[in-house]
Amino acid sequence: MHLSEQEIERRKSREELTNMGINPYPAESFDVNVSAQDIKQNYESDKLNYKNISIAGRLMSKRIMGKASFAEIQDSTGRIQIYVNRDEICPDEDKTLYNTVFKKLLDIGDIIGIKGYVFTTQVGEISIHVKELTVLTKSLRPLPITKETTDEQGNVKRYDAFTDSEQRYRQRYVDMIVNPEVRNTFKKRTQLVNSMRYFLGNKGYLEVETPILQPLYGGAAARPFKTHHNTLDMTLYLRIANELYLKRLIVGGYDGVFEFAKDFRNEGMSRFHNPEFTQVELYVAYKDYEWMMDLVEEMVEKVAMDIHGTTEVKVGENIINFQRPWKRYTMYEAIEHFTGIDISEMNEEELRKTAEKLHVPVDDSMGKGKLIDEIFGEKCEAQLIQPTFITDYPIEMSPLAKKHPTKEGLVERFEAICNGKEICNAFSELNDPIDQRQRFEEQLELGKRGDDEAMVLDEDFLRALEYGMPPTAGLGIGIDRLSMIMTNSNSIQDVLFFPQMKPEKKAKVATEADFVEAGVPKEWAPVVMEAGIRTIEELKDTKHTKLHHQISGLKKKMKLDIPSVSPEDVKEWTS
RNA sequence: GACUCGCUAGCUCAGCUGGUAGAGCACAUCCCUUUUAAGGAUGGGGUCUUGGGUUCGAACCCCAAGCGGGUCACCA
């Protein structure tokens with residue numbers, strides 16, 4: 001293992017501490033009675049209360065001035081300056097705690113506990129005068145340390161910040177140490193979830209848990225992750241949605257159920273997509289989608305208030321106002337609003353022509369519903385910045401939603417669009433088991449025609465519906481998407497602690513010696529490499545007949561005077 | 001998956017038309033008792049992501065690979 005100069009230095013310091021009888025990783029607890037934030041906020045008005053404090057944190061900077069030093073420690077609430085005076089922490093003749101331990105063996109990143117009192121320096125900074133210092137954890141890796149200044153408005157300016165996104169996502173713990181606003185983002189995400197949980201719980205709905213491993217995946221149109229259960233010897237899928245299970249619970253007699261669910265979709269990744277993501281789904285009996293719109297407005301407005309204390313949230317260049325009521329358009333109205341074209345009476349042929357006229361890419365496989373959806377997606381969605389409800393979707397896209405009672409070809413469904421992206425999806429749930437069976441069968445047809453996201457038929461779900469599900473309103477809200485908006489984050493990776501990444505293994509290229517090791521004759525190894533085989537694994541994966549053909553050709557081409565090999569010889573190398 | 005940009009010290013970045021690598025911070029040694037992006041002096045630290053190729057010579061040019069970012073596609 002290769003260690004950098006600074007890592008070696010820190011390992012030595014760890015040794016030295018141990019040799020001095022100081023445990024760099026003590027077991028006993030260190031009691032803390034105050035936080036950095038508490039001191040900064042309350043010291044001025046309540047000085048007597050800060051005469052005897054105990055605080056712990058990570059050492060973030062060190063300024064040594066001979067017999068006295070300033071440093072900063074950072075706890076979960078922020079940074080605070082400490083003042084360390086040699087003769088105060090070492091009142092006796094023995095000055096090693098200051099001269100050796102503090103000055104030499106402690107590094108930025110180490111975790112220490114201190115006891116002392118709060119005071120204000122000549123320059124006016126509230127600081128802690130250290131009386132006792134305890135090493136709590138020695139850090140062996142140098143932090144990507146950043147220096148920062150705070151101007152009079154309290155704005156923190158950071159120099160040489162740790163910005164490499166790859167390292168930030170792979171080593172989130174480091175990101176959180178040196179970029180404290182990251183911790184704040186995730187705190188807001190938790191506030192958001194708590195706010196919703198409280199809101200829904202308060203209305204009397206029951207928070208539940210349903211299977212993540214499902215024998216059939218359903219409730220959405222997406223490709224699943226597939227896995228296998230050994231004991232039952234059966235295929236299981238990671239859920240793409242929990243909709244069908246929550247509806248079974250409505251059949252069972254609950255009036256309202258909700259679940260904060262991790263769902264998994266085996267699809268592309270982007271700044272809006274991670275293979276696993278979080279949704280809250282809610283189902284309420286005896287309600288319809290109109291009622292659900294009111295609930296969404298109320299809940300999201302409250303979330304904004306709980307997080308920001310206002311309904312206005314800055315997102316990129318825009319100020320988004322979640323105050324009720326939100327604008328409501330039917331999908332037809334929205335398209336007419338943004339394109340000036342009324343498509344409500346058009347047939348498929350006219351829709352296709354309209355799409356082409358609007359430069360919306362179409363293909364022959366698209367039916368009426370898909371065409372409408374494409375026009376909306378291309379021409380309207382991105383322009384909807386303020387929260388807006390879009391209602392009444394084409395039936396083809398919504399196999400689980402109830403048909404609209406008066407509008408032919410549409411269902412009672414809405415989405416809320418905000419900052420140009422969908423944040424929720426809801427409908428009056430289809431509870432007619434015969435209709436539901438037909439819709440599933442239409443999906444099966446799509447599947448047969450090659451749509452690998454078409455829904456599969458869930459016989460048990462239909463059985464549940466046949467017992468009777470009351471009229472029900474259902475809702476799904478993308479927690480990650482909403483968190484992005486509420487925290488002004490540009491990428492889903494910024495609201496996931498550990499976004500999905502490829503493993504960080506380096507490209508390992510085999511050498512000539514490795515090929516010889518694997519059984520390739522010495523004189524042939526360079527030829528194999530020339531044939532484009534880079535690793536031993538690649539060699540094993542290659543068909544021996546193909547490789548034999550290839551290297552024999554190369555032998556001629558490179559005019560090599562080496563003994564020929566037979567396909568059987570090559571087979572030896574590749575097995 | 002496609003296109004595109006990037007990868008140089010622990011971090012942030014320079015590095016000209018190809019001539020064997022630099023800065024600031026961090027680190028080490030020394031000086032300094034209220035400093036604050038503390039300061040002063042000295043010093044160490046690099047398989048320039050990996051593998052090939054072109055060349056007398058490659059961080060730089062060419063080909064491949066790895067990982068990441070952005071945009072697009074599928075999707076929430």
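In the text below, chain A, chain B and the rest are named by the order of the sequence lines, each starting its count at 1. Heavy-atom basis, side chains included; hydrogens, waters and symmetry copies ignored.
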[X]: partners by side chain to side chain donor-acceptor pair (under 3.5 Å), with sequence neighbours left out:
X	value
A:T96	A:D94
A:Y217	none
A:D263	A:R239, A:Q279
A:N274	none

Pull out every protein N or O sitting under 3.5 Å from an N or O of nucleotides 70-73 of chain B, one pair per line with the distance.
{"from": "B:U71", "atom 1": "OP1", "to": "A:R271", "atom 2": "NE", "distance (Å)": "3.4"}

Taking only N/O atoms, report every protein-nucleotides 6-8 of chain B pair under 3.5 Å with atom names and distance.
none

With a 3.5 Å cut-off and sequence neighbours excluded, list the donor-acceptor pairs that the side chains of residues 100-109 of chain A form with protein atoms.
{"from": "A:D107", "atom 1": "OD2", "to": "A:K138", "atom 2": "NZ", "distance (Å)": "2.6"}

- Message: How would you summarise protein contacts on nucleotides 36-44 of chain B per nucleotide, using B for base, S for sugar-phosphate only and - for none, with heavy-atom distances below 4.0 Å?
- Response: BBB-----B
- Message: Quick test of your reading: applying ring-ring contact (aromatic ring centres under 6.0 Å, His included), list the pairs with at least one residue in residues 148-180 of chain A, sequence neighbours left out, ordered by first then second residue.
- Response: none
- Message: Among residues at least two apart in sequence or on other chains, which ones pass side-chain contact (heavy atoms from CB on, under 4.5 Å) with A:K67?
- Response: A:R86
- Query: Does any residue of residues 384-397 of chain A have a heavy atom under 4.0 Å from RNA chain B, and if so, which ones, in number order?
  - Reply: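 Those residues whose heavy atoms fall under 4.0 Å from RNA chain B, taken from residues 384-397 of chain A, amount to none.
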- Task: Could you list the residues that satisfy salt bridge (Lys or Arg N to Asp or Glu O under 4.0 Å) with A:E297, not counting sequence neighbours?
- Result: A:R328
